[in-house]
Amino acid sequence: MTNELIANFKQKISPAVFRVVEKHSLVTLDEPEYTLKLRLVSASDGGIVFRIEDFKQKADYFLGGGSQRAGGKDNDLTFLDGQCIYQFEVKKTKHPQQLLGKTQLKAGLRWVRHILDVSCSAHEQLLTKVAYIQISIPKRPNLVRSAKKYRFLLSDNVLIVAVSSEVIEVEFVKIYNYILSNGHVLQNLDWKEIY
């Protein structure tokens with residue numbers, strides 16, 4: 001990621017809603033149904049990680065006192081790194097291979113466009129790729145009989161990372177390496193199509 005995007009975020013966006021990832025950062029998604037720790041590693045000069053829910057809550061223009069869940073669907077976590085937007089959606093599911101989060105991933109990209117439109121006018125030239133990633137957590141982890149902590153599946157250009165327990169730490173570097181070895185996961189981004 002160029003320093004331009006990071007500088008624009010620092011200048012125009014409240015530091016309460018995003019974090020700069022210089023080398024690595026541990027992000028915890030703590031929800032009533034699960035706790036997921038995602039160890040992010042920047043493959044470039046630095047990245048930005050945020051939750052759209054935090055933007056919604058901080059904006060406080062939705063009825064209901066700035067509700068995180070207001071304003072339509074969104075994804076659980078966004079990581080901007082290099083020229084890529086990594087969209088994460090976490091689903092607790094009986095069938096980890098099932099694609100359940102595509103609607104949230106696509107809707108989240110519209111929120112990301114809005115955030116980038118107000119923070120960095122050159123984002124269309126800086127960010128040219130997108131990867132949609134669903135992390136599937138089993139509803140009944142004690143029934144999962146897998147020696148691996150997590151495994152990778154592909155469904156409709158979405159990478160599904162099936163984890164083997166409710167509380168787990170997922171290393172982004174393994175996801176990143178999988179994406180690099182499977183080029184079709186990383187898609188060209190056409191900003192004109194995102195509205």
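For reference, positions follow the sequence shown, starting with 1.
Looking at every heavy atom in both residues, G47 comes nearest to S42 through N-OG, 3.7 Å.
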(request) List the steps and the verdict of side chain to side chain contact (heavy atoms under 4.5 Å, CB included) for N188 and T128. (result) CA-CA 6 Å; N188 288 325; T128 60; over 6 Å; no
(message) Quick one, I48 with R19, criterion side chain to side chain contact (heavy atoms under 4.5 Å, CB included). Give me CA distance, side-chain angles, the key distance, then yes/no.
(response) CA-CA 6 Å; I48 295 172; R19 186 176 352 163; over 6 Å; no
(message) Pair F152, I175 - check side chain to side chain contact (heavy atoms under 4.5 Å, CB included), show working.
(response) CA-CA 8 Å; F152 301 109; I175 296 171; 3.9 Å; yes
(request) Could you give me the CA-CA distance, side-chain angles and deciding distance for D76 and R51, then say whether side chain to side chain contact (heavy atoms under 4.5 Å, CB included) is met? (result) CA-CA 6 Å; D76 289 320; R51 293 189 69 169; 4.2 Å; yes
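Centroid-to-centroid, the aromatic rings of F18 and F55 stay 6.0 Å apart or farther.
Neither side chain, N8 nor S119, offers a donor N or O lying under 3.5 Å from an acceptor on the other.
No salt bridge links D54 with K58; every basic N to acidic carboxylate O contact stays at or beyond 4.0 Å. A salt bridge is defined here as a Lys NZ or Arg NE, NH1 or NH2 lying under 4.0 Å from an Asp or Glu carboxylate O, and E89 with K106 fails to meet this definition.
Among the candidates R110, Q104, K56, the single residue satisfying the side-chain hydrogen bond (donor to acceptor under 3.5 Å, both in side chains) test with D74 is K56.
Atom CG of L105 and atom OG1 of T78 lie 9.0 Å apart (nearest 0.5 Å). To the nearest 0.5 Å, atoms CG (D81) and CG (L40) are separated by 8.5 Å. Note that CD of Q97 and CD of Q134 are 10.5 Å apart. Values are rounded to the nearest 0.5 Å. The CD atom of E53 sits 9.0 Å away from the CG atom of L29 when rounded to the nearest 0.5 Å. One distance of note links CD1 of I13 with CZ of F50; it measures 8.5 Å at 0.5 Å rounding. Atom CG in L126 sits 5.0 Å away from atom SG in C120 (nearest 0.5 Å).
The shortest distance between side-chain heavy atoms of V21 and V27 does not fall below 4.5 Å. Side-chain atoms of F172 and Y86, non-hydrogen and from C-beta on, do get closer than 4.5 Å to each other.
Both L186 and Y178 belong to a common hydrophobic cluster when Ile, Leu, Val, Met, Phe, Trp and Tyr are linked at side-chain heavy-atom distances under 4.5 angstrom. L100 and I52 fall into different hydrophobic clusters, where Ile, Leu, Val, Met, Phe, Trp and Tyr residues are linked whenever their side-chain heavy atoms come under 4.5 Å apart, directly or through other members. Tracing side-chain contacts under 4.5 Å through hydrophobic residues (I, L, V, M, F, W, Y), one never reaches L38 starting from V173; they form parts of separate clusters. Residues Y176 and V41 are members of separate hydrophobic clusters, defined by side-chain heavy-atom contacts under 4.5 angstrom among Ile, Leu, Val, Met, Phe, Trp and Tyr.
When atom types are taken as modelled, the side chain of S44 and the backbone of G46 share a donor-acceptor pair closer than 3.5 angstrom.
Screening residues 152-162 for salt bridge (charged side-chain N to carboxylate O under 4.0 Å, His left out), with sequence neighbours left out, gives K102-D156.
By the neighbour-count criterion of 12 heavy atoms within 6.0 Å, atom NZ of K10 is sparsely surrounded, having that number or fewer from other residues, nucleotides or ligands. Counting heavy-atom neighbours within 6.0 Å of E22 CD, excluding the residue itself, gives a total of 12 or less.
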